[in-house]
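From a predicted model like this one, the values you see are computed outputs, not experimental measurements. What you see below is based on every heavy atom in this structure, not just the backbone, and it leaves out hydrogens, waters and symmetry mates.
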Amino acid sequence: MTSEPDQHPVNSLNDVVHQRVRLGILTVAHQARRVEFGFLRTALGLTAGNLSQHLAVLERAGLVEIEKGYEGKRARTWLSLTPAGERALRDEVTQLKRLIQQIETPAKNPGEDM
């Protein structure tokens, strides 16, 4: 194990993606390919205002695309992941797996200080 701080998996987590609500948004959008705002709000247990704020952060980062339109006479908002959003989610999951592996792998010398 190296003492270089940039080698630790936690240092590779993306602050925009890793935030709990935004990670949830990206995950649901990945699974659904295109998700309606109301469904996402309910699924994640958020207020409309809170969800809107997180979507704005993700949109500014180029990770989601927002589409507004109508379904019948009702205004609707849909979002989908951009290719950059897909990559960011995939990279985040990779880093989380590295972190989990590091935690689950027994140390070679348990009594040795890091």
Side-chain angles (χ1 to χ4, degrees):
M1 180 177 245
T2 181
S3 62
E4 300 266 337
D6 61 344
Q7 295 297 318
H8 195 280
V10 77
N11 293 322
S12 296
L13 295 175
N14 180 324
D15 289 336
V16 171
V17 174
H18 190 72
Q19 197 281 341
R20 179 186 64 81
V21 171
R22 292 192 290 263
L23 184 58
I25 291 168
L26 295 174
T27 302
V28 172
H30 170 77
Q31 293 170 323
R33 299 292 176 205
R34 183 175 184 240
V35 62
E36 198 269 327
F37 183 93
F39 174 83
L40 192 57
R41 182 180 46 77
T42 301
L44 297 176
L46 302 171
T47 65
N50 190 255
L51 177 55
S52 292
Q53 291 296 316
H54 286 289
L55 289 177
V57 170
L58 293 171
E59 187 176 35
R60 278 193 304 271
L63 303 181
V64 298
E65 185 174 272
I66 308 284
E67 176 188 345
K68 294 185 182 271
Y70 287 88
E71 191 173 271
K73 292 183 178 188
R74 294 188 61 177
R76 297 284 188 193
T77 301
W78 295 275
L79 70 121
S80 55
L81 290 183
T82 63
E86 289 282 353
R87 281 190 304 278
L89 180 59
R90 186 175 52 246
D91 292 347
E92 190 72 9
V93 169
T94 298
Q95 294 309 317
L96 288 169
K97 285 179 181 177
R98 284 185 60 218
L99 186 61
I100 291 166
Q101 181 181 22
Q102 194 172 74
I103 291 168
E104 291 179 342
T105 302
K108 292 182 181 176
N109 295 318
E112 185 177 82
D113 288 339
M114 290 190 178

Which value, rounded to the nearest 0.5 Å, describes the distance between L13 atom CG and D91 atom CG?
11.0 Å
Does any non-hydrogen side-chain atom of E67 lie less than 4.5 Å from one of R34?
yes
Closest heavy-atom pair and its distance - G62, A84:
O-CB, 3.7 Å
Working to the nearest 0.5 angstrom, can you tell me the gap between H18 NE2 and S12 OG?
12.0 Å
Would you say T82 and R87 make side-chain contact, with heavy atoms under 4.5 Å?
no
Is a side-chain donor or acceptor of E92 paired with a backbone partner of N14 at a separation under 3.5 angstrom?
yes
Is there a side-chain contact between I25 and L51 in this structure, where contact means two heavy atoms from C-beta onward sitting under 4.5 Å apart?
yes
CD/Q53 to OG1/T47 distance, rounded to the nearest 0.5 angstrom?
9.0 Å
I'd like to know if the side chain of T77 and the backbone of F37 have a donor-acceptor N/O pair within less than 3.5 Å.
no
In the single-linkage hydrophobic clustering (I, L, V, M, F, W, Y; side-chain heavy atoms under 4.5 Å), do L89 and I100 co-cluster?
no
What's the separation between atom NE2 in H30 and atom CG in L23, rounded to the nearest 0.5 Å?
11.5 Å
Are side-chain N/O atoms of R98 and Q101 paired as donor and acceptor at under 3.5 Å?
no
What's the verdict on side chain to side chain contact (heavy atoms under 4.5 Å, CB included) for V16 and L58, showing C-alpha distance, side-chain angles and the deciding distance?
CA-CA 7 Å; V16 171; L58 293 171; 4.0 Å; yes
Heavy-atom closest contact (L79 atom, A29 atom, distance)
CD1-CB, 4.0 Å
Using a 3.5 Å distance criterion without hydrogens, assess whether the side chain of E71 forms a donor-acceptor pair with backbone atoms of R74.
no
L46 side chain reached by L40 side chain, heavy atoms, under 4.5 Å:
no
Tell me whether the count of non-hydrogen atoms from other residues, nucleotides or ligands lying under 6.0 Å of CD in E65 goes above 12.
no
Side-chain heavy atoms under 4.5 angstrom apart, residues restricted to Ile, Leu, Val, Met, Phe, Trp, Tyr: same cluster for W78 and L26?
no
In plain terms, say whether E86 and R33 are close enough for a salt bridge, that is, a side-chain N and a carboxylate O under 4.0 Å apart.
yes
Test item: Q102 and H8 side chains (from C-beta on) under 4.5 Å apart, heavy atoms:
yes
